[in-house]
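Worksheet: the structure to be examined is printed underneath.
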Amino acid sequence: MTTSLRSGSLGAVRPASAGPRVGVLALQGDFREHAHVLASLGAEVSLVRRPEDLDGVDGLVIPGGESTVMDKLTRIFGLQAPMRAAIAAGLPVYGTCAGLILLADAVLDAIDGQESLGGLDVVVRRNAFGSQNQSFETDLDVPALGDAPVHAVFIRGPVVESVGDSATPLASLADGRVVAVEQGNLLGTSFHPEITGEHRFHEYFLAKVRAA
Ligand code: GLN
């Protein structure tokens, strides 16, 4: 078997045929669920908790959880600047729910002092569907993923209030509100495919990672 050395892997030898290396931000939230889905799709998953954990990743997932907490922790752990730089450099990043909030250029109903990483030319509104007990599930048409609808679970999710010229909506609710967007190598969903057995968004993301 041929092998290759990769920078950032501390000399670890990995097979040339190995899947893409995908980091999952693991400071808070449902990072384990994402790691599980990505691994099942053949990615080599690593958990990102420190700036050096970003070295050598081919893509990054920002999980669902609480965007205010993740924002604070990324700043405390020195991850905000390197994550912003990685996004600006074109690293493929997929954010679900709180992860979408972190990727948005502007956040409505943020708490005082809340910052996002930015990159996605969208305005999102936090907790747009009300409180935890107003969580809901619905089927969405996502033409980019084929004909079969996506079963989507919303847990205090954000809505994309406006989509800038650089971003493209991928899915909307029946009332027209946008809940999935992409922009180049960035992908964001208001809902949580990582907990429903729906793997097409992760596959779609891994295709971006492989192409990058
Ligand atoms: N309401 C959360 C926030 O503002 C997001 C919820 C989620 O990720 N399921 O970050």
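Nothing fancy with the numbering, it's 1 onward along the sequence. Both ligands and their constituent atoms are indexed starting at 1 by order of listing.
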Would you please test Phe191 and Phe201 for ring-ring contact (aromatic ring centres under 6.0 Å, His included) and show each step?
CA-CA 11 Å; Phe191 49 91; Phe201 271 100; 5.6 Å; yes
Should we say atom NE2 of His199 is surrounded by more than 12 heavy atoms from elsewhere, each under 6.0 Å from it?
yes
Same cluster or not: are Leu170 and Val123 linked, directly or through other Ile, Leu, Val, Met, Phe, Trp or Tyr residues, by side-chain heavy atoms under 4.5 angstrom apart?
no
Any side-chain donor paired with an acceptor under 3.5 Å for Glu198 and Thr196?
no
Examine the proximity of ligand 1 to Arg156 and report which part, side chain or backbone, both or neither, has a heavy atom under 4.0 Å away.
both
Less than 3.5 Å between some nitrogen or oxygen of Gly157 and one of ligand 1, yes or no?
no
Decide whether the shortest distance between a heavy atom of Met70 and an atom of ligand 1 is less than 4.0 Å.
no
Tell me the protein heavy atom at minimum distance from atom 4 (O) of ligand 1, and give that distance in Å.
Arg126 NE, 2.7 Å
Which atoms from ligand 1 have a heavy atom of Ile101 less than 4.0 Å away?
3 (C), 4 (O), 10 (O)
Any idea which protein heavy atom is nearest atom 7 (C) of ligand 1, and the distance to it?
Cys97 SG, 2.8 Å
Checking a contact table here: which protein heavy atom is nearest atom 1 (N) of ligand 1, and how many Å away?
Asn127 OD1, 2.6 Å
Counting both backbone and side chain atoms, is some N or O of Ser67 under 3.5 Å from an N or O of ligand 1?
yes
Asp112 atom CG: more than 12 heavy-atom contacts under 6.0 Å:
no
Checking Glu66 against Gln28 for the side chain to side chain donor-acceptor pair (under 3.5 Å) test, could you report, in this order, the C-alpha distance in whole Å, the side-chain angles of both residues, the deciding distance, and whether it holds?
CA-CA 8 Å; Glu66 178 48 57; Gln28 192 267 337; over 6 Å; no
Measure the distance from atom 5 (C) of ligand 1 to every protein heavy atom, then report the residue, atom name and distance (to 0.1 Å) of the closest one.
Gly65 O, 3.3 Å
Looking at ligand 1, does any of its N/O atoms fall within less than 3.5 Å of an N/O of Gly64?
no
Yes or no on salt bridge (Lys or Arg N to Asp or Glu O under 4.0 Å) for Lys208 and Glu182, after CA distance, side-chain angles and deciding distance?
CA-CA 11 Å; Lys208 288 184 189 289; Glu182 71 176 333; 2.6 Å; yes
